[in-house]
Each structure stands twice: as structure tokens, then as C-alpha cells.
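Each residue takes its place number in the sequence, starting with 1.
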Amino acid sequence: MGGNFSAGTVRRKWPCGGSGRIDVPMVTVAAVLLMLCAQSGPAAARHSSPDPWNDLFRVGWQKPRRAALRAPVPVLVPLPRPRPADAPAAEPDAAADGNRTPPPTTDKPAEPVAAAPQPSACRRALTEAIAIAPSIPDIHGAGGCGGVDLVRLEAVVLPDKRQVSVKPAAILRCAMASAIADWIRTDIAPLTAGTGSAISSLDNFDSFECRSRNRVAGAELSEHGRANALDVRALKLANGQSISLTDRTASRELRESVLHSVCARFSTVLGPGSDGYHEDHIHLDLMERHSNYKICQWNVWDSLPKIAPLLPAARPDEAPPREAAAKSDAAK
């Protein structure tokens, strides 16, 4: 570098740190600065210019960012080796399970599960070998109407496996349905067999109905309202014949046999001649009374003659007038 440099007084904050007033020649100042910057390390070198004079006079110099100077050095941690395929299964850590927090519980205790109601002795006895009578839910109506242990009597199964249909199906208490099934199986089936044909169905006139007795307003609840009664109108045979229990043209002997069988089995039997409400059907129920008192009111009327009686002979033309005949009879 040509020329002489005179000494001078320099007061400056140097790029590599430090400040103050130094009375040194300019050439000496420049040399010292170059040496100091060269020893400042890689961090300063990355931010210094290739031209040392630029560093001297801070031309193009940028202050290093604090975040870059403090960047953490990544540490490489080796991963564990994979578990061998033939290694035994790992057992759960008992200590870890013991430290687990139990699930939160509510203050309200769990409600006990209600046990299913057990079938009654009647329901267990009324099997499909005796009757087709599926159970139905209990009925609880107003004024005591309804009942429990109810079934829908659809058919009675005879000992020979034939079925006697109940048309329409009757809603009855199990005890009443069982009594009807036993009556048909034991009494009616043999009775109708004597007519030359077998019974095929029972004509149900009325079963469960929430009403008063005889449908009279203000009267007591009927046994029909308790599902404890059945009104029977006729017996249907396999040959198509229908035997009405209140028909005077039907066999009197057969109707009397039915009368004796129902009065022996049921606590109430009402038919023609009882109260004027049962002239065309027979009412049967199992009403409980004091001392097991029973009512059996059914007049089996005589059969009508097959041939109508002869009409009186016509009045002869020569006979006196009826008025004159009446006076002569009075005079005598």
C-alpha cells in the first residue's frame, strides 16, 4: 500500500467488541483489527465479509441472530432393537395396573333387575297338549275390570289330538280356560260323538267384556268384566250340523245332558227361563261365593212336535150363530 499514514486518535466501537480512545497510527490500528477479527471464531467468520476493510468499516456486516447462536445441537438416540418373533409374550405390569385410577362411579346405586314373573300352576298345567291358549298381559281397567293370569283360548286339543276351535278366541283367566277345556274334552266330545259326528268348534257368544251385569247401568261388575265367564251359543259338528243349546228343535236328551255337565262344573249357569237375558245362549262362570254356593237356572223346554197338531174342523153351515149358541148355553 503506497503512502505514509500519520498517527491519529481513534474512538470507535469495534466490530469484534470493545471501544475506547487509542492514540495509535492508522496502519497499526488496521493490523490489530484484522488480527482480532481473525481470532473471533467461526461464528464471526460466517457473518464477515471477504474484504477485511469492509469489516473494519462495518460495510455489509450483519449482527448474528441470537436464536441462531443459541440453536440446540440435536442429540441422536439409538432406537431399541426390534423384539424377536420367538420372544414370550410380555406380562402386564401389576404395579402399573395398581397405580391406575379406577373409573369414576356415580353416587346412585345400580337398580336391581326385576326377576321375570314365574308362571302360575294353572299356566304350567294348561299345556299345548290340552289347549292352544297363549298367555296375554294382565288387564287393569277402571272399577276392577280386568284380571291377571290371562290367556287367549283359541282351541281345545282332544285326547286323540284333534282340535276343537273356539270361535272367536276367548279372553279368559287361566282357571276358566282350563275348566272350559276339561269340559269339552271330558263331557262334550263323547256326547256329540253319539250323534254320529264329532265336535269341531264351539260358538263363543261373549267372553271378556268390561261391563256391568246384563249391561244394566249401575249394576255390579259382570264376571265377563273379570274375564271369568263365557257365553256359549252352539256346538258345531264336523258334518256341518250346528246344535243350538237353546233350540227347542234340538234333542231334549242332548240338551239335558249338557245341562247336567255344566251345572256340575261351573258355579253359575244361566239359560232360558233364568232372568230374560239368556234366552238364546248359556252363561257359564266361576264366580266365588260364600260356602261355594252355586246357581243353575236353565229350563230345558220340551221339543216342538215334528208335525203340527191338526186345526179344529170348520164350523158347519147349519150351526146357529155364536151369539144364539152362547145364550142357550147360559139358559141351561
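Using a 4.5 Å heavy-atom cutoff, the side chains of Glu154 and Pro134 are in contact. Side-chain contact between Pro159 and Arg185 is present, with at least one heavy-atom pair separated by less than 4.5 Å. Side chains of His278 and Gln297 form no contact here, defined as non-hydrogen atoms less than 4.5 Å apart. Pro272 places a side-chain heavy atom less than 4.5 Å from the side chain of Ile282. Residues Lys294 and Cys263 have side chains not in contact (no heavy-atom distance under 4.5 Å, counting atoms from C-beta outward). Using a 4.5 Å heavy-atom threshold, the side chains of Cys296 and Leu259 count as touching. The shortest distance between side-chain heavy atoms of Arg123 and Ser135 falls below 4.5 Å. Looking only at side-chain heavy atoms (C-beta outward), Arg252 and Asp302 come within less than 4.5 Å of each other.
Arg173 and Gly147 make their closest contact through NH2-CA, 3.8 Å (heavy atoms, listed as atom of the first residue, atom of the second, distance). The shortest non-hydrogen separation linking Asn204 to Ala169 is ND2-O, 3.9 Å. For the pair Thr192 and Ala198, the tightest heavy-atom approach, listed with the atom from each and the gap, is OG1-C, 4.3 Å. Contact record, Ala181 with Ala131: CB-CB, 4.3 Å, taken as the closest heavy-atom pair. Between Gly225 and Phe208, the shortest heavy-atom contact is O-CE1, 3.3 Å. Here the closest heavy-atom approach between residue Asp187 and residue Pro190 is recorded as O-CD, 3.4 Å.
Atom NE2 of His283 and atom CG of Leu230 lie 9.0 Å apart (nearest 0.5 Å). Note that CG of Leu172 and CD1 of Ile136 are 9.0 Å apart. Values are rounded to the nearest 0.5 Å. From Thr249, atom OG1 reaches atom CD1 of Ile243 across 10.5 Å, with rounding to the nearest 0.5 Å. Distance CD1/Ile199 to CD1/Ile184: 5.5 Å, rounded to 0.5 Å. We find the CG-OG1 distance between Leu235 and Thr195 to be 9.5 Å, quoted to the nearest 0.5 Å. Atoms CG and OG1, on Asn228 and Thr268 in that order, are 9.0 Å from each other to the nearest 0.5 Å.
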**OP:** Run the numbers on Asp285 and Arg226 for salt bridge (Lys or Arg N to Asp or Glu O under 4.0 Å), then give the verdict.
**Re:** CA-CA 10 Å; Asp285 70 43; Arg226 297 185 175 94; over 6 Å; no

Original post:
How far apart are the C-alpha atoms of Leu284 and Arg265, what are their side-chain angles, what is the distance that settles it, and do they pass the side chain to side chain contact (heavy atoms under 4.5 Å, CB included) test?
Top reply: CA-CA 9 Å; Leu284 309 173; Arg265 291 179 175 274; over 6 Å; no

**OP:** Give the C-alpha distance, both sets of side-chain angles, the deciding distance and a yes or no for side chain to side chain contact (heavy atoms under 4.5 Å, CB included) between Ile132 and Arg152.
**Re:** CA-CA 8 Å; Ile132 307 301; Arg152 184 175 64 251; over 6 Å; no

**OP:** Could you go through the side chain to side chain contact (heavy atoms under 4.5 Å, CB included) check for Met176 and Phe266 one step at a time?
**Re:** CA-CA 9 Å; Met176 183 63 184; Phe266 300 94; 3.8 Å; yes

**OP:** Could you please spell out the steps behind the side chain to side chain contact (heavy atoms under 4.5 Å, CB included) verdict for Val300 and Trp298?
**Re:** CA-CA 6 Å; Val300 180; Trp298 175 9; 4.1 Å; yes

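Between the Asn239 side chain and the Gln241 main chain, a donor and an acceptor come within less than 3.5 Å of each other. In this structure, the side chain of Ser200 engages the main chain of Lys236 through a donor-acceptor pair within 3.5 Å. Remark: side-chain polar atoms of His281 are not paired, donor with acceptor, to backbone N or O of Val232 under 3.5 angstrom. Between the side chain of Ser257 and the main chain of Glu253, a donor-acceptor pair closer than 3.5 Å is present. Under the 3.5 Å distance criterion, the side-chain polar atoms of Ser267 are matched with a main-chain donor or acceptor of Met287.
Residue Ile130 is not grouped with residue Leu158 when hydrophobic side chains (ILVMFWY) are merged at heavy-atom distances under 4.5 angstrom, including chains of intermediate members. Under the 4.5 Å side-chain heavy-atom criterion for Ile, Leu, Val, Met, Phe, Trp and Tyr, Leu126 and Ile188 are members of distinct hydrophobic clusters. Leu286 and Leu202 fall within a single hydrophobic cluster, where Ile, Leu, Val, Met, Phe, Trp and Tyr side chains are chained together by heavy-atom contacts under 4.5 Å. When hydrophobic clusters are built by joining Ile, Leu, Val, Met, Phe, Trp and Tyr residues whose side-chain heavy atoms come closer than 4.5 Å, directly or via intermediates, Leu237 is grouped together with Leu254. Under the 4.5 Å side-chain heavy-atom criterion for ILVMFWY residues, no single connected hydrophobic cluster contains both Val262 and Phe205.
When the shell of 6.0 Å around CD of Glu209 is examined, it contains more than 12 heavy atoms from other residues, nucleotides or ligands. Heavy-atom neighbours of Asp160 CG from other residues, nucleotides or ligands within 6.0 Å: above the threshold of 12. For Glu279, the CD atom sits in a packed shell: over 12 heavy atoms of surrounding residues, nucleotides or ligands are nearer than 6.0 Å.
Considering only residues two or more places apart in sequence or on other chains, Thr186 meets the side-chain hydrogen bond (donor to acceptor under 3.5 Å, both in side chains) condition with Asp182.
In summary, Asp206 and Arg215 engage in a salt bridge, as defined by a charged side-chain N under 4.0 Å from a carboxylate O.
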